[in-house]
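See structure below.
Each chain gets a letter, A, B and so on, in the order its sequence line appears, and its residues count up from 1.
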Amino acid sequence: MSGDDRSGGARRRGRAALERLVRASAAERVFISTAALVLSMAVGVVIVLAAGRMTTCGEAAAVYFGVGFCYDPFAVYDSLFLGALGNPINPLFRPLEGQFAPPFRRGWSPLNGQMAVTLRETTILVFTGLSVAVAFRAGIFNIGTQGQLVVGALATALAALYASPLVAGLVGTLVLIPFGLLVGALSGGLYGAIPGALKAYADANEVITTIMLNFVATGVALYLVAGPFKDPASAANETVSLPGYAIFPPVVFEPRDDFSVLALLFGVALVGGVYYLLEHTAFGYDIRTSGIQPEAAEYGGVDAERTVVSSMAISGALGGLGGAVYVLMIIGNYQTGIPAYGFDGITVSILAGNNPLGVGFAAFLFGVLKSGSIVVDVNTGAPPQLVGVLRGLIILFVAMPEFFRLLGRRVVAIEPERPVATDGGRPGDGGDDAGAEAGGEVDE
Amino acid sequence: MDRRTFIRGSGIAGIAALAGCTGGPTEGSGSNDSENGNGTGDGDGDGSSGSAEVSANVGVVYATGGLGDGSFNDQAQQGIQQAESELNISYNDAQPDEVSQFKSFQQQFAQSTNPDYDLVCCIGFLQKSALAENAPDYPDQNFMIVDEVVEEPNVASYVFGEEEGSFLVGQLAGLLTTREFSAGSGSTNPDRASVGFVGGVEGSLIGKFEAGFIAGVARANADAEVQSTYVGDFNDPAGGKEAALAMYNSGADIVYHAAGNTGTGVFEAAQEAGRFAIGVDQDQSKTKSNYADVILASMVKRVDTAVYTSVENVVNGEFDGGNVTTLGLEQDGVEVVYGQQLGGQISGDVKSEIKASQQAIIDGEISVPADPANV
């Protein structure tokens, strides 16, 4: 029937597109991401304009084609991206109109406060992104990075608080920060190992267990911070603030910026470390093969249970480190209402194609968007909900090609570009395709 | 359908829909040519010309939860909107969604030069620690905070005299518990003089509500018994219901709550037991209209008054940095609002007695304790 033919054709085309996507080179992937970013902004402009016509306001923020709009989409995107960097561009610099003033605004420095916000969000997201990436590479969907981050943050805040009277000054900084990070990593790692063990030894679905353990972590933390460990002097549910020497020193930024280059460098070092672990060690090879084909990995001598538990422990430790850095750099104690860094980490990881090296860039994009939203909220009339939509669009558009690529790797058999003669009993290309087609017919 | 026809058709429809939207700017669009483009405002001439028309620029940082919470933030917005229309100010507001963002938002307003904000309003006690760190960094920026105290010379702190309003609702409860009173779905048991108080989390803040309430009950009826309990959570309606049911079962007619959403359980319990309850923070017979048949009155905290007063001070050049302003009954910071449905059935002599106490508190003839230990 013609209908079947058409659906078969569409299926073949979709399959071909997936294969093309799977085989895309690194440069092509960067190009696809950039194009997706531009496309998402084009769609966003239309949405902002439409929203600007649907609301009412006193005076127009922008006039296009003689029609007034309540929100100016270009001002919104300007604030979203350039605002996050502290507005670096000189307003007199308009190369399109032939004015070549210095491109950077006078008084702008890369060490400004808004840049610090961008980088500190980036820092935390590097940890949570890595956490999710390690688990995904092992074939485990760790949705529980948020819970591991909460546990790490709480444990760090309490351990550093109770250890802080023992040391002071520079020694205090040198002792307490590594100690706090260690506590965060250990507690987050242990908390991550629980769903790992449940999956390995009891065959419990890790998606369910990690989601549930998120609620457990947040609930128990609330109980502890509202009760036994509450700062009696505060109306909020928070622990007593850590002394100044237990906080990451702000090296080149202002202390009020709550950002330390040291923490970012630590995150970057971990990016390299996790990359090395996954790509260049035997253990990393175990993780990757378990992720691609668990049965084959086990046949090849990989201890499947141990790999699941240890990769979840590493994933949890990275999430816990994120929580520790959040406490030791940003907030200075544990306070309920931890931002959803863990869930953002899932998107960061997918955006990066689960590649540790990509996590850094994806986290930076996220950091820009989170920090830029603050500037948009303050400087333009656009409501934060609208900015949330624009952020979501950007992430959706940029992440989707990568998402389909990851999906495609599972669906489309990864065949070598050129047929390999030595692969034994493997059926030829034509036979394989025919089999797939036949399977498709049966499905219908 | 041909793909091109479809795209063309939907494009035309989209543009038509966009142009036909009923909203958009209401004024003429000729006056804003200079606004576009120069966001960073390096030219000192045109930056200030816009702000010359208004008497002050105010930035507002709301509490997490944002606008539309039907409570704290919406009330604060009412205050700033009232200031906008009456004091000719211009305001810009921002809605953080995480506690860790308060600091960045406050800094954004404090750093801004176009416009240069004359006052930054920080709504809610969670902003205290962020503001305590920011205020010394921006000594020339005026801040105000609602519901907490930050001791810095450039911060005006506004807190409420919750005990004064609670005193009045306590008196109301004390007067009604021994009367034959039946309205809506509730009725009193005049044989027993017993009322109740359900608190959220024990602490100095909720202690003010409890202390005022107990003192008010004692003022009305020295023999009346006050059952008092804390649920330990502001968002536990089930716990609130349990606590209130226990009170109603042991003879209480009227239960006053200062427990946030936990109080919803108190209202449920009142409906189940056929007794009365008293709301808090806002007119809860409006905001929780399902329970309007048991809510006698509400002790309202006027966050809008705090915001309006602070803006008014700045406009008059009387910014009271470093001071703590307590908004009690006298300053309209707290008040008793009778229930929408039941208020009309409360007899006039009860209301006039409460009015008399209100005047006595304002005149300083009654001093209301703020700590339950001192009642």
Side-chain angles (χ1 to χ4, degrees), chain A residues 46 49-50 52-63 66-70 72 74-75 78-79 87 89-92 105-106 113-114 117 226-227 232 234-238 241 254-258 326 330-333 335-340 371 374-375 377-379 381 383-385, chain B residues 14 17-33 35-43 59 61 64 66-67 92-101 103-105 107-109 111-112 114 124-126 128-129 133-134 136-138 147-148 201 203-205 232-234:
Chain A
V46 174
L49 286 178
R53 287 302 300 178
M54 279 187 265
T55 181
T56 50
C57 54
E59 54 182 291
V63 180
V67 182
F69 294 94
C70 282
D72 181 356
F74 297 99
D78 176 74
S79 295
N87 288 318
I89 306 297
N90 189 339
L92 297 177
R105 183 166 59 85
R106 199 153 19 110
Q114 204 56 39
V117 174
S234 166
N237 288 329
E238 56 182 341
S241 289
E254 297 282 328
R256 66 160 176 259
D257 290 337
D258 288 337
Y326 174 73
I330 297 182
I331 201 99
N333 65 359
Q335 189 167 356
T336 50
I338 298 263
S371 161
I374 295 178
V375 184
D377 200 356
V378 172
N379 289 347
Q385 292 81 358
Chain B
L18 200 58
C21 282
T22 52
T26 49
E27 283 176 13
S29 50
S31 63
N32 53 5
D33 294 336
E35 282 198 355
N36 299 328
N38 57 348
T40 48
D42 60 326
V61 182
T64 51
L67 292 173
N92 189 2
D93 49 9
Q95 305 171 46
D97 44 25
E98 293 155 4
V99 173
S100 57
Q101 289 179 349
K103 223 169 149 184
S104 310
F105 273 101
Q107 287 170 2
Q108 278 287 319
F109 280 115
Q111 284 164 359
S112 168
N114 182 29
F125 65 83
L126 283 175
K128 179 188 180 177
S129 55
E133 288 177 60
N134 273 333
D137 281 337
Y138 300 96
D147 230 12
E148 250 299 357
V201 178
S204 57
L205 180 66
D233 196 338
F234 284 106

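Contacts between A:Phe74 and chain B at a heavy-atom distance below 4.5 Å are absent for every atom of the residue. For a residue to count as touching a neighbouring chain, one of its non-hydrogen atoms must lie under 4.5 Å from one of that chain's; by this rule A:Thr336 touches chain B with the backbone only. When heavy atoms are compared at a cutoff of 4.5 Å, A:Ile331 approaches chain B solely by way of its side chain, counted from C-beta outward. Using a 4.5 Å cut-off between heavy atoms, B:Asp137 touches chain A through backbone and side chain atoms alike. For B:Asp93, the part lying near chain A is the backbone, with the side chain staying farther off; criterion is any non-hydrogen pair under 4.5 Å. Heavy atoms of A:Glu254 lying under 4.5 Å from chain B are absent altogether. Contacts of A:Val378 with chain B are made by both backbone and side-chain atoms, with heavy-atom separations under 4.5 Å.
Using a distance-only test at 3.5 Å, with no hydrogens or angles considered, a donor-acceptor pair links the side chain of A:Asp377 to the main chain of B:Gln95.
Between A:Asp258 atom CG and B:Lys103 atom NZ the span is 3.0 Å, to the nearest 0.5 Å.
For the pair B:Leu126 and A:Gln335, the minimum side-chain heavy-atom distance is below 4.5 Å.
Residues passing the side-chain contact (heavy atoms from CB on, under 4.5 Å) test with B:Glu98 are A:Pro339, A:Lys370, B:Ser100, B:Gln101, sequence neighbours excluded. Partners of B:Gln107 under the side chain to side chain donor-acceptor pair (under 3.5 Å) rule, at least two apart in sequence or in another chain, are B:Asn134.
Note on B:Ser129, B:Ser112, B:Ser104: by heavy-atom pairs under 4.5 Å with chain A, the leading option is B:Ser104. Counting heavy-atom pairs under 4.5 Å between each of B:Val99, B:Val61, B:Asp147, B:Leu205 and chain A puts B:Val99 at the top.
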